[in-house]
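Reviewing the structure listed below.
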Amino acid sequence: MLTPLEPALNGRRISQAQGKLLGGSSSINAQALIPFSKLDIDSWEALGNTGWNWDSVSPYLEKAFTISIPDEQTVEHLSIEWAEQLRQSYHGLVNASFADVKENPLGRAWVNTFERLGFPLSGNPFRGRSTGAYNGASTINAATKTKSSASSAYYTSLTARSNVEIFLSTTAEKLVLEPTYPQPIVKGISVLRNGTSSTIHARQEVILSSGVFNTPKLLELSGIGDASILTTLGIDVKVVNPNVGHNLQDHILCSISFEAQEGIQTGDDLIREDPVALQSAMELYQTHQAGPFATPGITSFGYLPPVEFDHEPQAFDAALKALSEGMAGESPMDAARRNHVWTIHQNRSEGTSQYFLFMAQAGPAGKDTTGPFSIEPQPGNYISLVSALSHPLSAGTSHIVSTDVNEPPMIDHRYLQHPLDLEFHGRHVRYLETIAATEPLASLLKPNGRRNDPQAFVGADLDKAKAYVRNMSTTNWHSCGTCAMAPRDKGGVVDSDLRVYGVSGLRIVDASVFPFIPQSNLQSLVYAVAEKASDIIMAGR
Ligand SMILES: Cc1cc2nc3c(=O)[nH]c(=O)nc-3n(C[C@H](O)[C@H](O)[C@H](O)COP(=O)(O)OP(=O)(O)OC[C@H]3O[C@@H](n4cnc5c(N)ncnc54)[C@H](O)[C@@H]3O)c2cc1C
């Protein structure tokens with residue numbers, strides 16, 4: 001994927017990934033199953049998307065997932081008694097489970113540390129409103145200890161149906177549009193197979209699900225988008241909509257890796273690609289379906305309001321004032337996002353950062369960043385504490401730069417370019433020091449131990465935290481929003497039935513339709529949107 005140098009990240013380039021296989025990114029993701037919140041989805045309806053609210057969308061979580069609950073001892077060790085409520089109501093095709101980690105002290109210590117800090121879990125995270133820390137589920141099938149993805153969950157049942165045909169190694173090139181009055185109609189899609197183009201004709205409609213970067217790309221290649229971008233590339237403009245490819249959002253994250261006490265099991269040997277560690281992990285997995293390959297690396301999460309502002313009420317008031325006053329020249333979507341974020345900061349019942357624990361070293365540095373492990377791994381065992389900004393105000397773009405379908409789009413997130421994002425992200429990252437210094441987590445880390453980077457000793461200094469954040473932050477792979485569901489004059493590309501404006505016979509169902517990024521990791525909402533879309537389509541709307 002093409003990405004520019006990010007000015008607010010000290011000119012670093014943050015690369016992006018997308019799963020190019022059946023199941024898309026659900027087949028390569030980190031498996032964290034974090035539910036979206038009530039406020040997340042209610043904000044979509046407030047934007048003008050009738051029927052997209054907590055009461056109507058959250059039941060699709062139950063339709064999409066089945067959640068296995070571990071034995072009593074593990075439930076107690078992980079403090080996940082709240083999860084018992086999910087056992088009955090969740091009955092979907094995607095399997096999720098909790099890590100069986102009774103012997104690992106970290107999950108328990110995580111929850112107890114946040115309790116000590118005054119942030120016990122305030123409610124069942126799957127019920128729409130909670131702050132505090134908890135141990136979460138992962139999309140891993142508890143029985144087989146294999147990844148559960150859109151492919152493993154849905155594809156197997158589809159192959160038996162006579163009205164489903166799947167073309168592998170086939171690239172969609174562009175839509176086939178017919179010029180009808182009052183607007184063009186989509187009649188099919190041109191695809192590239194074995195170097196030859198052909199057309200697949202649509203009897204009823206076409207549904208694009210090519211993801212946050214490739215769905216706007218396909219629209220633009222088909223002549224739907226910003227006229228100035230299309231004409232520059234010599235593409236015939238069929239539908240003018242400058243909102244296509246705009247509104248790109250992601251949860252920018254930043255971590256500090258703390259050296260772990262002797263005896264704490266971490267994944268650092270695997271990150272260093274130690275052949276003995278890799279072989280023993282593989283043997284454990286293949287013979288007993290156990291060990292690190294059977295366990296997700298990220299299981300402990302938490303959402304906190306902007307705690308660090310508690311010591312700086314004037315700075316917080318200034319941030320709220322800036323939010324209520326708006327920015328010169330902002331778009332209707334940016335203004336709506338600012339109002340949404342203002343509501344969140346005002347009521348404090350919603351997290352503004354997701355904190356999580358990663359059981360190994362992490363943290364990119366340098367000019368070109370390809371992911372959390374892009375720097376040379378260090379000796380030693382580490383526990384990384386991570387903070388990801390839940391509701392960024394910065395939004396970017398993803399546009400084509402060529403008419404060649406094989407060329408990637410230019411993805412420009414504009415990370416931290418809204419000044420308030422740095423104010424919030426910097427403070428949340430500074431709070432990682434407080435978490436690390438609080439018992440019982442503190443006792444699992446080496447006092448004065450090594451860290452991932454000399455700049456990672458942030459202490460209480462906000463300027464140091466901001467400098468570190470600019471140097472070390474990276475993507476959380478949660479990009480969304482480039483074909484937003486919203487009224488057209490507010491920045492929309494699709495309406496609340498997911499139909500693309502200005503053209504007949506075309507819908508979009510993927511993370512590109514999210515108008516605002518949810519606080520959660522994306523897959524819970526991607527599956528819920530897809531399940532709701534199927535009901536909308538079946539109802540003939
Ligand atoms: C590395 C990584 C880790 C992640 N970890 C988590 C996590 O732990 N928890 C979580 O909740 N979320 C996570 N996510 C996010 C989540 O997986 C994605 O948001 C979600 O899968 C997006 O679904 P989608 O349907 O919008 O697009 P995708 O899953 O990206 O699917 C798009 C599909 O379209 C195909 N495609 C694109 N263009 C074309 C074309 N021209 N012709 C034919 N096919 C095309 C692609 O090959 C792909 O199969 C992660 C994402 C990544 C990349």
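For the single chain, residues carry numbers from 1 onward in sequence order. For ligands, and for the atoms within them, numbers begin at 1 and follow the listed sequence.
Listed for the Asp40 side chain is no donor-acceptor partner under 3.5 Å among the backbone atoms of Pro518. Proximity of a side-chain donor or acceptor of Ser27 to a complementary backbone N or O of Leu22 within less than 3.5 Å is detected. Under the 3.5 Å distance criterion, the side-chain polar atoms of Lys532 are left unmatched by any main-chain donor or acceptor of Tyr60. In this structure, the side chain of Glu45 engages the main chain of Gly51 through a donor-acceptor pair within 3.5 Å.
Classification of Arg13 and Glu6 as a salt-bridged pair fails, no side-chain N sitting under 4.0 Å from a carboxylate O. Residues Glu350 and Lys38 are not paired through a salt bridge, judged by the lack of any N-O separation under 4.0 Å between the basic side chain and the carboxylate. The existence of a salt bridge linking Glu531 and Lys63 is confirmed by a sub-4.0 Å separation between a basic side-chain nitrogen and an acidic carboxylate oxygen.
Counting protein heavy atoms under 4.0 angstrom from atom 44 (N) of ligand 1 gives zero.
Near Asn214, the atoms of ligand 1 lying under 4.0 angstrom from a non-hydrogen atom of the residue are 37 (C), 38 (N). Each of the atoms 32 (C), 33 (C), 34 (O) of ligand 1 lies under 4.0 Å from some heavy atom of Ser209. Less than 4.0 angstrom separates some heavy atom of Ala30 from each of these atoms of ligand 1: 3 (C), 4 (C), 5 (N), 6 (C), 7 (C), 8 (O). Of all atoms in ligand 1, listed by their number and element, those nearer than 4.0 Å to a heavy atom of Gly19 are 46 (C), 47 (O), 48 (C), 49 (O). Below 4.0 Å from some heavy atom of Ala17 lie the following atoms of ligand 1, by number and element: 53 (C).
Below 3.5 Å of separation, one finds an N or O of Ala172 facing an N or O of ligand 1. Taking distance alone, with nitrogen or oxygen atoms compared against 3.5 Å, Ala32 approaches ligand 1 more closely than that limit.
Counting heavy atoms only, Ser25 comes closest to atom 30 (O) of ligand 1 of the residues Ser25, Gly24, Gly211. Across the listed options Ser210, Ser169, Ala511, Cys480, Ser210 owns the non-hydrogen atom lying nearest to atom 39 (C) of ligand 1. Proximity annotation for atom 10 (C) of ligand 1: of Asn521, Ile189, Leu525, Asn521 comes nearest, heavy atoms only. Nearest to atom 4 (C) of ligand 1 by heavy atom, out of Ile34, Asp510, Asn29, is Asn29.
Both the backbone and the side chain of Gln523 come within contact range of ligand 1, each with a heavy atom under 4.0 Å. When non-hydrogen atoms are compared, ligand 1 lies under 4.0 Å from the backbone of Gln31 (N, CA, C, O) but not from its side chain. Under 4.0 Å from ligand 1, the heavy atoms of Val526 that appear belong solely to its side chain.
Remark: distances from the non-hydrogen atoms of Thr170 to ligand 1 include one below 4.0 Å. In this structure, Leu21 has a heavy atom closer than 4.0 Å to ligand 1. Residue contact check for ligand 1: Thr171 places a non-hydrogen atom closer than 4.0 Å to it.
No option in Asp412, Ile411, Ile14 other than Asp412 meets the side chain to side chain contact (heavy atoms under 4.5 Å, CB included) test with Pro4. Only one option out of Asp535, Asp495, Asp497 pairs with Arg541 in a salt bridge (charged side-chain N to carboxylate O under 4.0 Å, His left out); it is Asp497.
Counting all heavy atoms, side chain and backbone alike, Pro515 lies closest to Ala484 at CA-CB, 4.0 Å.
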Open item on the list: Between His251 and His391, does the ring pair (Phe, Tyr, Trp, His ring centres under 6.0 Å) criterion hold? Intermediate values first, please.
Closed with: CA-CA 7 Å; His251 295 134; His391 302 286; 7.5 Å; no
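One side chain, Ser190 or Glu173, offers a donor N or O that lies under 3.5 Å from an acceptor on the other.
For atom 51 (C) of ligand 1, the closest non-hydrogen atom on the protein side is Trp477 O, 3.3 Å.
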